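The shown structure was predicted, so the numbers you read here are calculated from the model rather than taken from an experiment. Naming: A, B, ... by sequence-line order, numbering from 1 per chain. These values consider heavy atoms only, across backbone and side chains, with no hydrogens, waters or symmetry-generated copies.
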Amino acid sequence: MDRQYVVENELVERYLRDQLGVEQAEAFEQFFITCPETMDDLELARALRKGMKEAMASPGSAAAQQPTWLAKLLKAPLLPAVATLAVVLLAVPWFFAATVDEDPAAVETLQPYRLNVPLLRSAADGFQPGAVGPTSSGAPVTLVLEVGYSDFERHQIRVIPYGSEIPEGVSSPDLKLLGEGDLEYTLALPAGQFVAVVEGVESGAEPEEIARFQFQIQ
Amino acid sequence: MNSHADDEARIAEGLVERIRAGDAQAETELVNRYSRGVQFLLQHRSGDDQLASDLHQETFCVVLLRLREKGLADPKKLAAFVHRTAVNLFIGDYRKLRRRNTHADIDRIVREADPSSQALAQVLQTERAQLVRKLISELRQERDRELLKRFYLREESKQQLCEEFELDHLHFDRVLFRARQRLKRLAQDHLQELKAR
C-alpha cells in the first residue's frame, strides 16, 4: 500500500464510513500509522464530518448564515481580492465615482472597494489613484488587485460593456501575477461603462468567478 | 517494495535495535512516530476518546516493554506489531483486566512525547464546529457548500453527487481537497493565535 493507492481507492473516506472490509481496514491502519500525510487527510476529513454536524446543529449554523453576495465576496478564498481591490487608473480622477442608473444597488456594493482599498503602489512608485497618466478614453488602464492568496492555477479577467452578456467560449487574457497573489491587468478602453469579471482557472475545470466590479471611463 | 515501505522498514529496524540496546531517546522517537495514528485508529474503533487514550497509553507500554526485553523477530514489521498490539488491546476485555504495573519512565515517555505532533488534531477536535462554519462561509459557490454538506453530513456517495451536479471526479476531488486544506490552514492559524496568547 502507498499514498497513490490510498488516494485512488478513496480509502480515507471509505475507512471513516466503515466501508472497508476487515482485512483492508487493518492494512490501511497499518499504513496510516506510518504516514503523516494520510494522517492529515484522516484528521481533516473526520473534523469536516463532525464539524459539519456540529455546525449545522448549533444555533446560528452555517446554513442560517448564508452570506450575502457582498459578504461572499469579502469572505471568498480570494478574500482580499474583494476587500483590497486597488484600481489604479491612469486616466480619470473620478474613475470609481461611477454611478450606474440602471442598477444603483450594484454600484452601491462596489463602494467599499473604492473607499477601503489601499493602493498597492505608492505615489513614489508613480501611481496615484486617478491622478497619473492620460485622461482620454482609449488610454491604457491598469487594474491592480491585491488578492492576498489564491489557490487557483491561474486567473483571467473579462471586461465587457455594462449590460452585455459575458460571451460563451471566448478566451480571455490571463491576469499577470505580481507576487503575493496580487494581480495586474492593463487594458485600453473607449469611453463607457464596463464590468470586469475576475475568474480563477484550473486545468480541466470551468473557470470560477471570484470577483466582479463595475467601472466607468469618460 | 515501494519507497515508503523501504523507509519505514529501515527506520523501524533502527528503532528496534536502539531500544533493545537501552536507548531512551529511541523510545521517545518510536512513540512520536506511531502515536498519532494509534490514537486515531483507537478513537475510530472505540468511538470513545477517553477509552482510546487509555488504550493508546497501554499500547505503548506493552510495545516498549516487549522491545526492551525481547526485541522483535522481524524488526522491519514494527508498525505491524504496534498496530496489532493496539487492536488486540481494543478487542480484548481490557476493562476487566488489571492494568499492567508499568514502569514510571514508560508512562512519562508516552505522556511527554512531542505534544506538538498532535496539536493540529487537538485544535480540530476542540474547535471544529467553529472552523467548519468559517470554512463554509468562505466557500465561493453554493454548489461547493452543498457538495460538502451532502458528502460529509449525509454521506452521499461521490458517484451519486458527481452525476447529480454533472461534475467530473477530478473536480469533485478538488473541492474536497481545497476544503481540507483550507480547514487545515484555519486550524493552524487558530493554533498560532493560541500560542501567541
Are any non-hydrogen side-chain atoms of [X] and [Y] less than 4.5 angstrom apart?
X     : Y     : result
A:L42 : B:R36 : no
B:L41 : A:F32 : yes
B:H4  : A:F31 : yes
B:V87 : A:E29 : yes

[X], part contacting chain A, at a heavy-atom distance under 4.5 Å:
X      : result
B:I11  : neither
B:F151 : both
B:D168 : side chain
B:E155 : both

Report yes or no: is the cationic atom of B:R45 (NZ for Lys, CZ for Arg) closer than 6.0 Å to the six-membered ring centre of A:Y15, at no more than 45° off its axis? no
Considering residues, nucleotides and ligands other than B:E17, do more than 12 of their heavy atoms fall under 6.0 Å from its CD? no
B:F40 and A:R46: side-chain contact (heavy atoms from CB on, under 4.5 Å), yes or no, with the steps? CA-CA 10 Å; B:F40 190 93; A:R46 184 176 62 180; 3.3 Å; yes
Before you tell me yes or no, could you show the steps for A:Q30 and B:R84 under side chain to side chain donor-acceptor pair (under 3.5 Å), namely the whole-Å CA-CA distance, both residues' side-chain angles and the distance that decides it to 0.1 Å? CA-CA 9 Å; A:Q30 280 189 33; B:R84 195 69 257 159; over 6 Å; no
Tell me whether A:E13 is salt-bridged to B:K158, with the criterion being a basic N under 4.0 Å from an acidic carboxylate O. no
Proximal component of A:A27, with respect to chain B [non-hydrogen, under 4.5 Å]: neither
Cut-off 4.5 Å, heavy atoms of chain B, and the answer for A:E26 is both
If you count heavy-atom pairs under 4.5 Å with chain A, which of B:H44, B:R33, B:E8 comes out on top? B:H44
